[in-house]
Visitor: 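Got a structure here, written out as structure tokens. Questions coming.
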Amino acid sequence: QQQVKQSPQSLIVQKGGISIINCAYENTAFDYFPWYQQFPGKGPALLIAIRPDVSEKKEGRFTISFNKSAKQFSLHIMDSQPGDSATYFCAAPYNQGGKLIFGQGTELSVKP
Amino acid sequence: SAVISQKPSRDICQRGTSLTIQCQVDSQVTMMFWYRQQPGQSLTLIATANQGSEATYESGFVIDKFPISRPNLTFSTLTVSNMSPEDSSIYLCSCSGGLSYEQYFGPGTRLTVT
């Protein structure tokens, strides 16, 4: 079964630092790679996503980098803030039916 | 984007009973999905629910245990049948427009089976 491997499992960053989370996929039905942010007790929220026509997408402090040949993509959080402390999930499509398969998640803690 | 609500937000149920979780979307959507998330774990897809057709279940999930209804383009239900403590989890519904893979999630239903 197709997998999406996410690392690290947990990450501690000082306020103002850069948080980097990586994902690797095996095969995908379509080049669409989203990142979700989940706070305790809440459902995952779509944070940012990248489509196949670009190798990088930036929205505010959040950037996705995509390396198609390596089958890898990553999330960079610039100037990390304590409010960014949450669990982050990457995902990738795994069939033509709109389904996503999720990575294992990264628990990010940003220290003041 | 879409706004999704779920009912109930949490419940404590006895072994052997069933619970039906409702998912309401604020706009018409093509596809709805049901996931299970153990505390501290990733999301596992249970099934895909398209209006007008039978739900499609992922490996390890069966209709007798998790019957799903999709009566219209804004609503779906998931029933967790004959519950055991192993069914204690967070159940999430999500939706997408069908032509894109963008999925939007509800707040989840936290189920505890005693």
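Predicted model only: the values in this text are computed from it and were never measured. Throughout, protein chains are lettered first and strands after them, A, B, ... in sequence-line order, and every chain is numbered starting at 1.
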Visitor: Counting only non-hydrogen atoms closer than 4.5 Å, does A:Gln38 touch chain B with its backbone (N, CA, C, O), its side chain (CB onward), both, or neither?
Guide: side chain
Visitor: Using non-hydrogen atoms only, which part of A:Leu46 is less than 4.5 Å away from chain B: side chain, backbone, both, or neither?
Guide: side chain
Visitor: Using a 6.0 Å cut-off, check whether atom CD of A:Glu107 has over 12 heavy atoms from anything other than its own residue.
Guide: no
Visitor: Any idea which heavy atoms bring B:Tyr101 and A:Pro93 closest together, and the distance?
Guide: CE2-CB, 3.4 Å
Visitor: Restricting to non-hydrogen atoms, name the atom on A:Pro44 and the atom on B:Phe105 that form the minimum distance, rounded to 0.1 Å.
Guide: O-CB, 3.3 Å
Visitor: Heavy-atom distances under 4.5 Å only: say whether B:Leu43 touches chain A with side chain, backbone, both or neither.
Guide: both
Visitor: Minimum heavy-atom separation for A:Tyr32 and B:Glu102, please, with both atom names.
Guide: OH-CG, 3.1 Å
Visitor: In the structure I gave you, are the side-chain heavy atoms of A:Gln104 and B:Gln41 within less than 4.5 Å of one another anywhere?
Guide: no
Visitor: Are A:Ile101 and B:Phe61 connected in a single hydrophobic cluster, I mean Ile/Leu/Val/Met/Phe/Trp/Tyr linked by side-chain heavy atoms less than 4.5 Å apart?
Guide: no
Visitor: Let me check something: do A:Val4 and A:Tyr36 share a hydrophobic cluster, defined by ILVMFWY side-chain heavy atoms less than 4.5 Å apart, either directly or through other members?
Guide: yes
Visitor: If you count heavy-atom pairs under 4.5 Å between each of B:Pro107, B:Pro39, B:Gly106 and chain A, which one has the most?
Guide: B:Pro107
Visitor: Do the side chains of B:Met32 and B:Ile4 join up, straight or via other hydrophobic residues, at under 4.5 Å, putting them in one cluster?
Guide: yes
Visitor: Would the number of heavy atoms belonging to other residues, nucleotides or ligands and lying under 6.0 Å from CD of B:Glu54 be above 12?
Guide: no
Visitor: Can B:Ile46 be reached from A:Phe102 by stepping across I, L, V, M, F, W or Y side chains whose heavy atoms are under 4.5 Å apart?
Guide: no
Visitor: In Å and rounded to the nearest 0.5 Å, what is the OG to CG distance from B:Ser94 to A:Leu100?
Guide: 7.5 Å
Visitor: If hydrophobic clusters are built by linking Ile, Leu, Val, Met, Phe, Trp and Tyr wherever their side-chain heavy atoms come under 4.5 Å apart, do A:Ile20 and A:Leu108 end up in the same one?
Guide: no
Visitor: Side chain, backbone, both or neither: which part of A:Phe89 has a heavy atom under 4.5 Å from chain B?
Guide: side chain
Visitor: Count the heavy-atom pairs under 4.5 Å between each of A:Gly103, A:Pro34, A:Ala45, A:Ala49 and chain B, then report the option with the highest count.
Guide: A:Gly103
Visitor: Using a cut-off of 6.0 Å, state whether more than 12 heavy atoms not belonging to B:Arg10 lie near its atom CZ.
Guide: no
Visitor: Atom NZ of A:Lys99 and atom CG of B:Leu45: how far apart are they, to the nearest 0.5 Å?
Guide: 6.0 Å
